[in-house]
There are 2 protein chains.
Amino acid sequence: MVAEPGQGDEVVTTPAEPPAVPHPADEPAVRERARAIPEAAVARLAIYLRALTELSEQGVGTVSSEELSIAAGVNSAKLRKDLSYIGSYGTRGVGYDVGVLIGQVERILGLTRNHSVAVVGIGNLGHALANYNGFPGRGFPVTALFDVDPDLIGVPVGGIPVDHIDDIPQVVADRDITIGVIATPPSAAQEVCDRLVSAGVQCILNFAPVVLQVPDHVEVRKVDLAVEMQILSFHVARRADEGSTESTAAGPDGAVNGTGMSEVDGMVMRP
Amino acid sequence: MVAEPGQGDEVVTTPAEPPAVPHPADEPAVRERARAIPEAAVARLAIYLRALTELSEQGVGTVSSEELSIAAGVNSAKLRKDLSYIGSYGTRGVGYDVGVLIGQVERILGLTRNHSVAVVGIGNLGHALANYNGFPGRGFPVTALFDVDPDLIGVPVGGIPVDHIDDIPQVVADRDITIGVIATPPSAAQEVCDRLVSAGVQCILNFAPVVLQVPDHVEVRKVDLAVEMQILSFHVARRADEGSTESTAAGPDGAVNGTGMSEVDGMVMRP
DNA sequence: ACTTGTGAATAATTTCACAGCA
DNA sequence: TGCTGTGAAATTATTCACAAGT
């Protein structure tokens, strides 16, 4: 049963280059965005939402920050602080009304509307994604699929026929696509990204192990399996010499691997 | 072509709750782990490695922090700082030797050894993962697949026959599995996790939308598609009312950087 | 001339701890 | 009495900016 609450959550940060541009002087960092919810908090709100939804389904009507924080895998102080960014919807001495909180978090996350998703690159991963018809708690219906493979065009995957990427402008406009998911091989990712952006897509979820270049108004999130694996690898390694390093004090190096290289990299797909 | 270097990279951090357990007193935080590389830096090292590998394949022998940082989508100061955590392998006035740096980063990330991967839950995503035979640039070979569906047991997927999860202890030991990937439905995730941990797996990559409870010595990373989508959704929403809410105040000076941060993780599956 | 490596300055995030309200 | 909401402190991460090496 493994009881320890221990770790368990995760957070990823996408720093996003600051100015990046020559910079017209030292903008006093003004331009303060009113209700600035810390990025880190936004990511957790989505997690709280899941926990809340679960509670709601179980018929729970009220939760304390303590209970919810456990379900979400964070500590209660952080949870309260996060929730405080979106307003005060709790009742002192009591806790939060699950229904109310769900509504508020959804509002902040912009989940009151639907976001049509287009998946580009119908390979292994693309197939898997296409079959999440209407993602998790719904709200993110996959309504378009694209690829370049002539054998795939027209073939329905997960109920949706695959279109050729040349039709991106047309289809994105017609189906009001909000989010583009790139599941192509790395070599095609940037071009696909450019096409999506040209078609008006402002949100991209990138599974290709490539750093996409996009204009400032486009938001990119990346999911990189190889990176995740490597981070895990780092921790194994760390733990490994944590136990040994304890002996001698000097000569730790020696280990240097003479190897030449290797590569590494993240997910791939095949269009 | 979208030139701006803008955002584009990603980093993942796994805070890992602190004590969480009553804790046997207030460990003076001793046990100081010598070379403490910030979590955020570790995540980026994996990205640098990819960029370096690409450069190496292109025959590039030396890179400056400026060049590499652009390829990795971060700014050069951060890159240099990150690299400084692993040692001084650059040459002032010149840059870094690509081959040397690759070797060092791999060493730090523990990529000098292989990490056998087991995928549990052979549904859509599981299939996709199984087919990344030997992940990206190798180093993470998938050597075991598990599921509960009798129809799947014994069937080879991506060249590897599926075993029943009851065989986890046996197979994990025999094939020296280091990393367990959970691609099951959320309801089965915790149990599968417990079994993997019991079998000795210390690293888990979780695709199920669940907060796993694990003992302290186990490292968990989570990939949650729904969360990623919701974060994107948040940014669309924010941008939406940014346009309206902005009315007053000085001119819209359009320039404002589209911000960019982000965090997190997410993805789901269904077997 | 250039470019690294890094203290010091900033900024962001997390945690504390407690006043205030139900 | 119990739990939220939140300033303020602590911690962590990012950026600056420059001395030092080639």
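Just so we're on the same page: letters track the sequence lines, and every chain starts at 1. Because only heavy atoms are used, hydrogens play no part in the values below, and waters and symmetry mates are left out as well, while side chains stay in.
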Helix axis bend for the helix from C:dA1-D:dT22 to C:dA22-D:dT1 - C1'-based end axes, five pairs, 10° rounding: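 Answer for the end axes of this duplex: 0°.
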Starting at atom [atom1] of [X], determine the distance to atom [atom2] of [N], rounded to an integer number of angstrom.
X	N	atom1	atom2	value
B:Asp82	D:dT14	CG	P	7 Å
B:Leu79	D:dA13	CG	C1'	15 Å
B:Arg44	D:dT12	CZ	C1'	12 Å
B:Lys78	C:dA11	NZ	C1'	12 Å
A:Glu39	C:dA11	CD	P	18 Å
A:Ile37	D:dT6	CD1	P	13 Å
A:Asp97	D:dT4	CG	P	13 Å
A:Leu83	C:dT14	CG	C1'	15 Å

Would you name the heavy atoms of [X] and [Y] that are closest together and state the gap between them?
X	Y	result
A:Ala208	A:Ala189	CB-CB, 3.6 Å
A:Ile179	A:Val201	C-CG1, 4.2 Å
A:Val223	B:Glu228	CG2-CG, 4.1 Å
A:Val63	A:Val60	CG1-CG1, 4.4 Å
A:Gln190	A:Val211	OE1-O, 4.1 Å
B:Gly110	B:His115	O-NE2, 3.1 Å

Student check: side-chain heavy atoms of A:Leu225 and B:Leu205 closer than 4.5 Å: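 Side chain of A:Leu225 against side chain of B:Leu205, heavy atoms only: contact under 4.5 Å found.
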A:Ser65 vs A:Leu83 side-chain heavy atoms within contact, under 4.5 Å: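 A:Ser65 vs A:Leu83: side chains apart.
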For B:Ala51, side-chain contact (heavy atoms from CB on, under 4.5 Å) partners two or more places apart: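 side-chain contact (heavy atoms from CB on, under 4.5 Å) check on B:Ala51 returns B:Leu68, B:Ala71.
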Base versus backbone protein contacts along nucleotides 16-22 of chain C [heavy-atom cut-off under 4.0 Å; B, S, -]: -B-BBBS
Residues that B:Glu67 engages under side-chain hydrogen bond (donor to acceptor under 3.5 Å, both in side chains), provided they are two or more places apart: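 side-chain hydrogen bond (donor to acceptor under 3.5 Å, both in side chains) list for B:Glu67, sorted by chain: B:Ser64.
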From D:dT14, C:dT13, D:dT6, nucleotide with atom closest to A:Pro38 side chain: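 Side chain of A:Pro38 sits closest to C:dT13.
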Where at least one partner belongs to residues 80-101 of chain B, residue pairs that pass salt bridge (charged side-chain N to carboxylate O under 4.0 Å, His left out), sequence neighbours excluded: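 Checked against salt bridge (charged side-chain N to carboxylate O under 4.0 Å, His left out) - neighbours excluded - the pairs reaching residues 80-101 of chain B are B:Arg44-B:Asp82.
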Nucleic acid contacts - residues 55-67 of chain A versus DNA chain D, non-hydrogen atoms under 4.0 Å: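 Hits under 4.0 Å, by residue number: A:Ser64, A:Ser65.
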Side-chain N or O of B:Tyr96 closer than 4.0 Å to phosphate OP1/OP2 of C:dG5: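 For C:dG5, OP1/OP2 do have a side-chain N/O of B:Tyr96 under 4.0 Å.
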